[in-house]
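The structure appears right after this line, and notes come after that.
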Amino acid sequence: GQSLEQPSEVTAVEGAIVQINCTYQTSGFYGLSWYQQHDGGAPTFLSYNALDGLEETGRFSSFLSRSDSYGYLLLQELQMKDSASYFCAVRDPQAAGNKLTFGGGTRVLVKP
Amino acid sequence: DAGVTQSPTHLIKTRGQHVTLRCSPISGHKSVSWYQQVLGQGPQFIFQYYEKEERGRGNFPDRFSARQFPNYSSELNVNALLLGDSALYLCASSLEGQGFEKLFFGSGTQLSVL
């Protein structure tokens, strides 16, 4: 089976940096994805890491360490619009297709 | 281009009733997946369909069923509704439905069972 752990909530001020950690236990592993979801909105794809290291996309970066079964999402220069829930997710290699298993989500609250 | 569209956006049903939720994928996407999201939790996989064939099924009872039509749109059906079925039901589409692919989610149908 697959399980992912991430903190439930993080609070920070505008302009700060937030790191959201994700540890996973999986029977197989292809890569770690991150999705953002605003209240009442659709989850939207942020990043995907299949190999160890850091991937940077604008103010957001994502890191993966396969040996530690660990990844994180780094949000830099926080803006009010970054207040949302962030989910890490893994694809189930034992399932056909592209079934994703999601973590419980980290709610990020950005304060002025 | 239109994103993934779902209907209805909100629905209120009573226990024991049946519900049908609808999803239209992004044009050109052949795979549709359904997820259930309970408040405060991550989405949970229910079904994936590709080219009208069921590609995957999550750990949900047989009261849940789905199908995909030739135009790649999809329906999720839930019979004999229980209070615990109250959740946001998300539809996601992708091009081929296998390997790593970005999932494009709709805004969901909020189902309340009273």
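All values below come from the heavy atoms of this structure, side chains included, with hydrogens, waters and symmetry mates left out. Below, read A as the first sequence line, B as the second, and so on, with proteins coming before strands; counting in each chain starts at 1.
- Contacts from residues 32-41 of chain B to chain A, taken as heavy-atom pairs separated by less than 4.5 Å, involve Ser33(B), Tyr35(B), Gln37(B), Gly40(B), Gln41(B) in sequence order.
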Discussion item. Please evaluate residues Asp85(B) and Arg63(B) with respect to the criterion salt bridge (charged side-chain N to carboxylate O under 4.0 Å, His left out), reporting the C-alpha separation (whole Å), side-chain torsions for both, the decisive distance (0.1 Å), and the verdict.
Written reply: CA-CA 11 Å; Asp85(B) 296 330; Arg63(B) 299 185 296 107; 2.8 Å; yes
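- Proximity to chain B (any heavy atom under 4.5 Å) is restricted, for Phe87(A), to the side chain, taken from C-beta onward.
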Worksheet item: When you look at Val18(A) and Leu78(A), which way does the side chain to side chain contact (heavy atoms under 4.5 Å, CB included) test go after all the steps?
Response: CA-CA 8 Å; Val18(A) 158; Leu78(A) 275 177; 3.4 Å; yes
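- Between Phe63(A) atom CZ and Leu54(A) atom CG the span is 7.5 Å, to the nearest 0.5 Å.
- Of the residues considered (Gly56(B), Pro43(B), Ser31(B)), Pro43(B) shows the highest number of contacts with chain A, using heavy-atom pairs under 4.5 Å.
- Contacts of Thr9(B) with chain A are absent, with no heavy-atom separation under 4.5 Å from either backbone or side chain.
- Using cut-offs of 30° and 60° for the angle between ring planes, the Phe45(A) and Tyr35(A) rings count as perpendicular.
- Between atom CG of residue Leu100(A) and atom CD of residue Gln2(A) there is a gap of 10.0 Å, rounded to the nearest 0.5 Å.
- Heavy atoms closer than 4.5 Å to chain B are found in the side chain of Ser33(A), but not in its backbone.
- In this structure, chain B has a heavy atom under 4.5 Å from the side chain of Gln37(A), while its backbone stays farther away.
- The contact between Leu103(B) and chain A is made by backbone and side chain atoms together, counting heavy-atom distances below 4.5 Å.
- Remark: Cys88(A) SG to Leu46(A) CG distance equals 11.5 Å, nearest 0.5 Å.
- The environment of NZ in Lys13(B) is crowded: more than 12 heavy-atom neighbours from other residues, nucleotides or ligands sit within 6.0 Å.
- For Arg15(B), the salt bridge (charged side-chain N to carboxylate O under 4.0 Å, His left out) criterion is met by no residue, not counting sequence neighbours.
- Salt bridge Arg67(B)/Glu75(B): present, at least one basic N to carboxylate O contact under 4.0 Å.
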